[in-house]
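Since the structure comes first, as structure tokens, the remarks are kept for the end.
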Amino acid sequence: MSEYDHKKIEQKWQDFWDKDKTYKCAEDPKFPKEKRFYCLDMFPYPSGAGLHVGHPEGYTASDILSRFKRMNNFNVLHPMGWDAFGLPAENYAIKTGTHPKKATEKNITTFKRQIKSIGFSYDWDREIDTTDPGYFKWTQWIFLKLFEKGLAYEATVPINWCPSCKTGLANEEVTDGACGRCGTAVTKKDLRQWMLKITAYADRLLDGLEKLDWPEPIKLQQKNWIGKSIGAEVDFKIDGFKDVLRVFTTRPDTLFGATYMVIAPEHPLVLEITTEDHAAEIQEYIEKARQKSDIEREHLLKSKTGVFTGAYAINPVNNKKIPIWISDYVLITYGTGAIMSVPAHDERDFEFAKKFELPITQVVSKDGPSTSSGQGNPQELNEAYIEEGVAINSGQYNGLKTEEFKEKITKDLEKKGLGKKTINYKLRDWVFSRQRYWGEPIPVIHCPKCGVVGVPESELPLKLPEVKKYEPTGTGESPLANIKEWVNTKCPKCGGPAKRETNTMPQWAGSNWYFLRYIDPKNGKALADKEKIKYWMPVDHYIGGAEHAVLHLLYSRFWYKFLFDIGVVPTDEPFQKLTNQGLILAEDGQKMSKSLGNVINPDDVIGEHGADAFRMYEMFMGPLEMVKPWSMQGIMGIRRFLEKAWRLFDKKIESKPLPKNIEALLHKTIKKVGEDIDNLRLNTAISAMMILVNDIGSLDYISKDFAKNFLLILAPFAPHMTEELWKNIGEKPSIHRQTWPKYNAQLIKEEEITIVVQVNGKLRDNIVVASDASEDEIKKLAASSAKVKTFIEGKKIIKVIYVPKKLINIVVPQ
Ligand code: ANZ
Ligand code: ZN
């Protein structure tokens with residue numbers, strides 16, 4: 001009896017696949033466009049900690065899918081690379097003085113060794129590294145194009161600033177007011193920045209979501225992030241001033257219920273309108289607000305704070321004088337930085353009004369003035385009524401439904417020059433510069449005469465200069481600013497003395513477009529050949545973590561749409577289908593973390609149980625999208641399955657066919673595994689193969705036909721073991737170049753059962769169904785039998801009794 005020794009097998013076949021270039025892929029004209037398949041993984045950041053068991057979860061799923069597609073005669077592009085710029089390598093450089101490139105290379109080596117040990121079918125000839133100048137030349141090239149088109153621009157803006165990392169951060173990099181990298185509380189700092197005008201694409205980024213086959217929660221997160229709001233801007237006169245206070249509202253129909261105004265502490269009118277007796281209090285409040293992040297300020301549950309300015313506005317619909325307050329729940333960065341408060345119909349306003357005893361006037365009711373809920377004694381509202389409804393207490397507009405009212409009043413205000421229809425977005429332009437060393441230099445030059453000039457394309461890539469110290473200067477300039485020889489240069493336009501931009505790009509830059517570079521990784525003339533892009537794009541299936549719901553996936557879509565606009569790519573959405581893998585937790589059900597000491601190291605698992613067991617276990621843990629805890633027990637179960645499968649091949653392989661029921665089960669399994677892979681239901685595919693192995697275990701022989709078919713369907717899951725057994729049964733490697741087996745539909749059909757159909761306990765018919773037909777199917781079939789119909793037609797069915805695989809009894813009134 002031979003022993004299943006994964007150590008002997010796995011390395012051997014990995015070497016073979018490397019030499020054989022088994023997974024090499026090219027733009028073969030043999031495969032037309034509809035027979036190519038681009039299966040993409042979210043490429044990893046090669047951290048110092050090495051591969052995490054979460055990485056191979058998505059990678060195994062995409063590998064199984066890629067192998068399956070290849071076996072189904074698809075030309076499959078399945079590449080891997082490294083998202084290697086980023087702060088950890090730089091922080092490590094600061095600590096140890098090691099060049100970030102060195103640390104990065106070392107980490108890549110580790111990651112690559114680990115990934116290769118799992119036997120994925122990547123075409124390694126297409127490997128990319130975002131820190132390679134041959135790669136980032138094109139990241140810089142895209143930036144130059146954005147700059148040429150006015151979509152990359154300079155602005156001095158208050159940005160999120162991490163005092164610990166000493167760098168600016170994008171909104172997307174701030175979590176609950178803290179730096180997403182180090183957790184330090186983020187403050188605001190006015191800095192000159194490079195910005196990308198992603199807002200110019202807001203509508204297209206929104207509309208494009210419609211046609212994508214993505215998980216709904218991800219689409220929703222993107223939608224909310226873009227945050228399109230249709231409403232109106234309305235002008236309120238300020239009592240005693242020439243200035244007007246402009247507000248943005250999504251509910252102009254509630255104007256009659258506006259009982260006070262709130263403006264952001266940073267609003268330019270604050271100091272002007274504040275009366276002397278309130279000045280000190282206002283000053284103090286402004287100071288405090290400055291120290292809070294937007295997220296803290298917006299938090300719904302937070303108790304509201306605010307101060308009265310002493311000034312009043314005039315409500316344009318009823319000329320009532322209403323007080324103007326400042327409060328930090330109004331953000332200067334959204335709308336006009338000022339709101340009309342309608343406490344009866346907005347939760348935040350309601351809470352504020354209660355706290356400061358401001359009047360609450362109900363102006364919308366569920367069903368109009370005639371009902372009890374409509375006649376509001378306003379103080380009776382226990383909470384804001386935020387639903388739409390019918391107008392009350394609104395003068396000539398009473399009785400109008402919310403939608404009509406909104407439209408009508410917006411038009412009326414427009415006529416009087418008091419307002420207009422307005423669309424607002426939550427999406428902000430993207431702060432694109434970082435004051436750090438380890439990123440792509442932004443390829444522009446500042447000339448005192450010509451202004452900002454792009455580095456000529458012929459001078460790309462603009463490489464990073466060597467520096468001695470990697471610490472950011474802390475003044476808001478990157479370490480590059482200290483390298484005079486690099487900074488001082490000539491203006492490409494006028495030839496005069498000029499200075500290089502010293503900011504670098506954020507890590508997102510390189511990961512924005514990497515999937516295009518895999519298509520043509522060595523091209524020196526273009527980011528990728530146009531015909532090849534046309535052939536491969538869009539990505540058919542993208543698999544990765546849900547934590548990229550907004551950042552990476554929104555940025556990539558933005559750049560891709562831009563590349564579409566300048567004619568570089570043929571479509572305007574990069575990723576047709578997206579699947580998110582669920583987090584893998586530690587055995588204790590907690591997140592894996594070094595500090596808890598519960599991290600599972602893939603190297604250990606593979607060493608002990610083998611890559612095939614590791615792969616299959618990760619897929620068997622549960623549905624791919626689900627969050628699930630690791631279990632050593634579980635992986636041992638998979639290992640035992642593989643050993644059992646291995647021992648099947650100790651049996652005699654005979655030319656006689658298998659017993660009919662097993663033959664049928666084999667073909668059913670072929671069908672099920674294929675369908676399951678197509679739908680990424682990999683756990684149930686594995687269960688089906690387990691049942692097959694169990695059932696055939698009772699025989700003392702297997703057939704050649706069984707041997708081949710079984711190995712073929714197991715091959716995408718356990719590529720090493722199946723390759724070895726394929727050779728052992730006398731076939732030529734590689735099994736991974738074979739065609740997916742066809743199942744025999746006839747055989748499956750023969751697996752049928754007969755069900756007795758009764759009406760009120762009397763036999764009326766026999767129906768024949770597939771043995772795996774569902775209860776529902778069987779009930780429907782029974783009810784549609786002509787013989788049965790005559791007894792039940794026109795009668796109410798009281799109940800249907802089903803005895804699985806045997807009998808159905810339909811009970812009707814006698
Ligand atoms: C009056 C009103 C009455 C409002 C009502 C809502 C309900 P979205 O959907 O997020 O766009 N708002 C406007 N600018 C604001 C700012 N800078 N900071 C905080 N809140 C602001 O929300 C738009 C609504 O949020 C606006 O409509 C405004 O309150 C508030 F029954 O105006 B509303
Ligand atoms: Zn110049």
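In listed order, ligands and their atoms are each counted from 1. All values below were derived from every heavy atom in this structure, side-chain atoms included, with hydrogens, water molecules and symmetry-related copies excluded. When a residue number appears, it is its place in the shown sequence, counting from 1.
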* To do: Check the surroundings of atom CD in Glu357: do more than 12 heavy atoms from other residues, nucleotides or ligands lie under 6.0 Å from it?
  => no
* What protein heavy atom is closest to atom 3 (C) of ligand 1, reported as residue, atom name and distance in Å? -> Thr254 OG1, 3.4 Å
* Looking only at protein heavy atoms, identify the closest one to atom 24 (C) of ligand 1 and say how far it is in Å. => Thr250 OG1, 3.8 Å
* Closest non-hydrogen protein atom to atom 28 (C) of ligand 1, residue and atom name please, with distance? -> Phe248 O, 3.7 Å
* Options Thr336, Thr249, Asp328, ranked by nearest heavy atom to atom 4 (C) of ligand 1, top entry -> Thr249
* Which residue supplies the protein heavy atom nearest to atom 21 (C) of ligand 1, what is that atom called, and how far is it? -> Ile339 CG2, 3.3 Å
* Asked: At a 4.0 Å threshold, what atoms of ligand 1 neighbour a non-hydrogen atom of His345?
  -> 5 (C), 7 (C), 31 (F)
* Does Trp513 have its ring centroid less than 6.0 Å away from the ring centroid of Tyr560? -> no
* **Nearest neighbour in protein (non-hydrogen) for atom 10 (O) of ligand 1** => Lys426 NZ, 2.5 Å
* Asked: Are any non-hydrogen side-chain atoms of Gln581 and Ile543 less than 4.5 angstrom apart?
  -> yes
* **Nearest protein heavy atom with distance in Å, relative to atom 9 (O) of ligand 1** => Ser229 OG, 3.2 Å
* To do: Give the residue and atom name of whichever protein heavy atom lies nearest to atom 19 (C) of ligand 1, and the separation in Å to one decimal.
  => Tyr329 O, 3.4 Å
* Just need the protein heavy atom nearest to atom 30 (C) of ligand 1, so name the residue and atom and give the distance. => Arg348 NH2, 3.7 Å
* To do: Compute the ring centroids of Phe432 and Trp508, then answer whether they are less than 6.0 Å apart.
  => no
* Asked: Looking at Phe352 versus Tyr260, is the centre-to-centre ring distance below 6.0 Å?
  -> yes
* Say whether Gln193 and Ser433, considering side chains only, have a donor N or O and an acceptor N or O under 3.5 Å apart. => yes
* Evaluating non-hydrogen atoms only, which member of Val330, Asp346, Leu255, Val342 is closest to atom 7 (C) of ligand 1? -> Asp346
* **NZ/Lys411: more than 12 non-hydrogen atoms of other groups inside 6.0 Å** => no
* Phe147 and Trp194: aromatic ring centres closer than 6.0 Å? -> yes
* To do: Check each of Val363, Asn424, Leu331 against atom 16 (C) of ligand 1 and report the one with the nearest heavy atom.
  => Leu331
